[in-house]
Amino acid sequence: MSNFQYQALDKGVFAIRLASILPGDEEDPMVLEINHATISEESPITYLALSYVWGTATERVPVSVVRYNGNTVQTTLHITPNLFQALRHLRGIIQLSIPIWIDAICINQGDNGEKALQIPRMGDIYRLANRVIVWLGGDGTDRGEYALQLLRNHIEAVNSIVRFVDLEEDPEDPDNIDPAYFCAIHYEALHALLQRPWFDRLWIRQEVALANEQAVVMCGHRYMLWADFVSACTSLRGKNTDVSKSAEVQDRCVLVIELGTQTRQGGNLEYLLVVARKARCFDPRDKVYGLLGLTTEYYRQRITMNYDAPVLDVYRQVVEAEVGRGRLSILSHCDLSTWPSTLPGWPTWVPDWSNGASTSHLTTVISNGGLPAHVQYPNPHTLRATGLYVDEIQTVYEMCINPVDAPFNSEMYRLARAVIPVSDDPDVQDKMVDIFCQTICVDTYTVSGKGWRSFHDEATRHVKLLLATAGKPESALNHDNFIRRARYSCNRRSLIVTKHGKLGLAPAAARSGDAVCVLIGCPVPLVLRPIATGERKEVGGVGEKKYQVVGQCHLHGCADDEAVLGELPESVGTRPTSAFGSTVLHEYFDRASGEALPEDPRLPGFRARTRHLLRDSDIGGNYKAWRFEWLGDVTLQMLRDAGIGVDSFDLV
């Protein structure tokens, strides 16, 4: 047989191809019929959509196509083994009258022009399908069918309701295990199932997010509703933590819960890129393209799918789209340690989303007052941003406390001993320990709410005990909250001390002489590396240098807008009240009276210019929250008039 030849789709309508699996026994040759169809909201048609993993790109299995668009043909189409296995299992379930959309078959993968038209429509294809079928693979040696049935049993026991899937008669359950008695053998099967490649594939995020409530998960001959699958994984969280493989299962359950709770559309692209950073795809452009279906029209209008475009151009479009919204937070995801320096012309201000090994993103407090970005592009390789020079890194201490098997206590003791001076004054010692712990935990334990004080006490108690015992406490320290947070915050980072004596966390690539800066529009400080000659100004400027973006930084004392507005008067203090999204909220108070203050004492001159001032009744008494909204109206000239030095930074 000759190879299958695609006919062009009608570009004037929402045209797609649909494949029908012709009847046959499981071991019979696979025979397909392919037809063109038009779909729309107004005129829905009946079809299924398959969500699966392509598998090894080099292996192919032939299938026959005997009819194409109403015409008899005798052609061969080559597909991956995993897809072939899925078709064999589906053949006994799907009736001839129900066609199925499969990207590898229904899109001409050899035509980049067609891909550029069809791939942006994939979100709608999955959204309009009568049912999305998630194919995890065959039963295999890891007992995938058994594991899926365990999850189905579990959620049915939790709900006390049997919910049958109407693809075919519900199969007899040979492994009716009460979930209360799950043991190592059950968790090993569940772990193997949840480790299957489908869960780490990038494209599945939009495929299941946009699917309707009829979506099913299928492994071998068994299946269950996707919604029940997510519920079962949610229910398993926190159960039987002392059983072998249960901790690993729960970690994977977190991923399933994340997939099951994604927004259908309207998501922020930066956030989606962060949560999907380790997800896998063959084409690095798909790290962006595979998420556009979950974003807003704003992004889809500014990022055009073009598989002939260089990867750099695609990733640069992401930066430009975020800058267009007045935000530079996208720069916090740059990482010089994973910068693709071997690719000529790749600016350090363009994050490499194809590299999942980049430094983890820190949730931290606002450092720039929520001011909108002021950006220019002098040339395609330069981003000129406005900001403030804060400090210079003087000393860098490498850290190795992230891996689970790393010697946490000895490493934490080494770092604490290096930066906390010995003092006979217990108040001084306590203050330095507190600053060290706040730095290691990125100030997150200062958030008010249930347990925040115990977290604070846990961290400082842990470090004090290490200092008292030279890092070798006689008994185990059960300070899991502190250890877990410290391992995350310090992942691929170094502890730094600046010229002004401030402690901070910087990317592992940071070195002495790097600058700590706050760029207007970027909510967190950045480490920038000068790469050209120039005189640094004494106050608020850096001369005519060019800079590489090293990465996101946390600097103690460079939060709560201090980098832009300066330090508070000694008579005024701050205290945490609550968390606003990922931002720690404080209120100001008079140290003498203890009374809360209605405004930031550093900003009285700006208040009259605000257009949208929130009353404290609007925000539950969190006086600092209103500041973010009205600082958005502040101009650079207003900052300069207030004596706040700002300058331009050319990032390359």
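For the numbers below, each heavy atom of this structure counts, side chains included, while hydrogens, waters and symmetry mates do not. All residue numbers refer to positions in the sequence shown, counting from 1.
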*Asks:* Starting at CG of Asn69, measure out to CD of Gln7 and round the result to the nearest 0.5 Å.
*Replies:*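 So the CG of Asn69 and the CD of Gln7 are separated by 5.5 Å.
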*Asks:* Could you pull out the closest heavy-atom pair between Arg205 and Leu259, with the gap in Å?
*Replies:* CG-CD2, 3.7 Å
*Asks:* Parallel, tilted or perpendicular: which fits the ring planes of His89 and His221, with parallel below 30° and perpendicular above 60°?
*Replies:*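 The arrangement is tilted - the two ring planes meet at 30° to 60°.
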*Asks:* Under 3.5 Å, is there a donor on one side chain and an acceptor on the other for Trp203 and Asp103?
*Replies:*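 No.
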*Asks:* Can you check side-chain contact (heavy atoms from CB on, under 4.5 Å) on Val208 and Trp226, steps first, answer last?
*Replies:* CA-CA 8 Å; Val208 294; Trp226 165 251; 4.0 Å; yes
*Asks:* Would Glu41 and Phe14 satisfy side-chain contact (heavy atoms from CB on, under 4.5 Å), going step by step from the backbone distance to the final call?
*Replies:* CA-CA 10 Å; Glu41 300 270 8; Phe14 193 162; over 6 Å; no
*Asks:* In this structure, is the centre-to-centre distance between the rings of His78 and Phe4 below 6.0 Å?
*Replies:*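 Distance test on ring centres: not under 6.0 Å, no.
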*Asks:* Between Ile105 and Arg17, does the side-chain contact (heavy atoms from CB on, under 4.5 Å) criterion hold? Intermediate values first, please.
*Replies:* CA-CA 8 Å; Ile105 295 175; Arg17 298 182 185 91; over 6 Å; no
*Asks:* Rounded to the nearest 0.5 Å, how far does OH of Tyr377 lie from CZ of Arg316?
*Replies:* 9.5 Å
*Asks:* Just by distance, do the side chain of Ser43 and the backbone of Ser40 share a donor-acceptor pair under 3.5 Å?
*Replies:*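 Answer holds: no.
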*Asks:* Between CE of Met305 and CG of Asn112, what distance do you get to the nearest 0.5 Å?
*Replies:*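 Nearest 0.5 Å value for the CE-CG distance: 13.0 Å.
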*Asks:* Do NZ/NE/NH1/NH2 and the carboxylate oxygens of Arg131 and Glu213 come within less than 4.0 Å?
*Replies:* no
*Asks:* Is the Trp353 ring parallel, tilted or perpendicular to the His333 ring (thresholds 30°, 60°)?
*Replies:*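 Ring orientation of Trp353 relative to His333: tilted.
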*Asks:* Would you kindly say whether Thr80 and Asn82 are connected by a side-chain donor-acceptor distance under 3.5 Å?
*Replies:*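 Checked: Thr80/Asn82 side chains show no N/O donor-acceptor pair below 3.5 Å.
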*Asks:* For Pro351, run the side chain to side chain contact (heavy atoms under 4.5 Å, CB included) check against Val319, Val318, Asp335 and tell me which one passes.
*Replies:* Val319
*Asks:* Once rounded to the nearest 0.5 Å, what's the spacing between atom CG of Asp286 and atom NZ of Lys115?
*Replies:*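 It is 7.5 Å, given to the nearest 0.5 Å.
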*Asks:* Treating Arg493 as the side-chain partner and Ser489 as the backbone partner, does any N or O pair qualify as donor plus acceptor under 3.5 Å?
*Replies:* yes
*Asks:* Would you call Arg252 and Glu248 a salt bridge, taking side-chain N to carboxylate O under 4.0 Å as the test?
*Replies:* no
*Asks:* Taking atom OH as the centre, does Tyr6 end up with more than 12 heavy-atom neighbours from other residues, nucleotides or ligands that are less than 6.0 angstrom away?
*Replies:*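 Above 12, so yes.
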*Asks:* Before giving the answer on side-chain contact (heavy atoms from CB on, under 4.5 Å), spell out for Trp198 and Ile204 the whole-Å C-alpha distance, their side-chain angles and the decisive distance to 0.1 Å.
*Replies:* CA-CA 7 Å; Trp198 180 87; Ile204 60 101; 3.0 Å; yes
*Asks:* Is the shortest distance from a Lys or Arg side-chain nitrogen in Arg121 or Asp124 to a carboxylate oxygen in the other one below 4.0 Å?
*Replies:* no
*Asks:* Ion pair present between Arg143 and Glu188, side-chain N to carboxylate O less than 4.0 angstrom?
*Replies:*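 Salt bridge between Arg143 and Glu188, a charged N being under 4.0 Å from a carboxylate O: no.
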*Asks:* Working to the nearest 0.5 angstrom, can you tell me the gap between Leu48 CG and Leu18 CG?
*Replies:*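 That separation rounds to 9.5 Å.
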*Asks:* Give, for atom CH2 of Trp101 and atom SG of Cys106, the distance between the pair rounded to the nearest 0.5 Å.
*Replies:*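 Trp101 CH2 to Cys106 SG: 6.5 Å, rounded to 0.5 Å.
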*Asks:* Applying salt bridge (Lys or Arg N to Asp or Glu O under 4.0 Å) between Asp283 and each of Arg280, Lys287, Arg285, report the one that passes.
*Replies:*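 Looking at Arg280, Lys287, Arg285, the match for Asp283 under the salt bridge (Lys or Arg N to Asp or Glu O under 4.0 Å) is Arg285.
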*Asks:* May I ask you to decide if Leu190's main-chain N or O and Tyr146's side chain share a donor-acceptor pair within less than 3.5 Å?
*Replies:*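 Not a single qualifying donor-acceptor pair exists.
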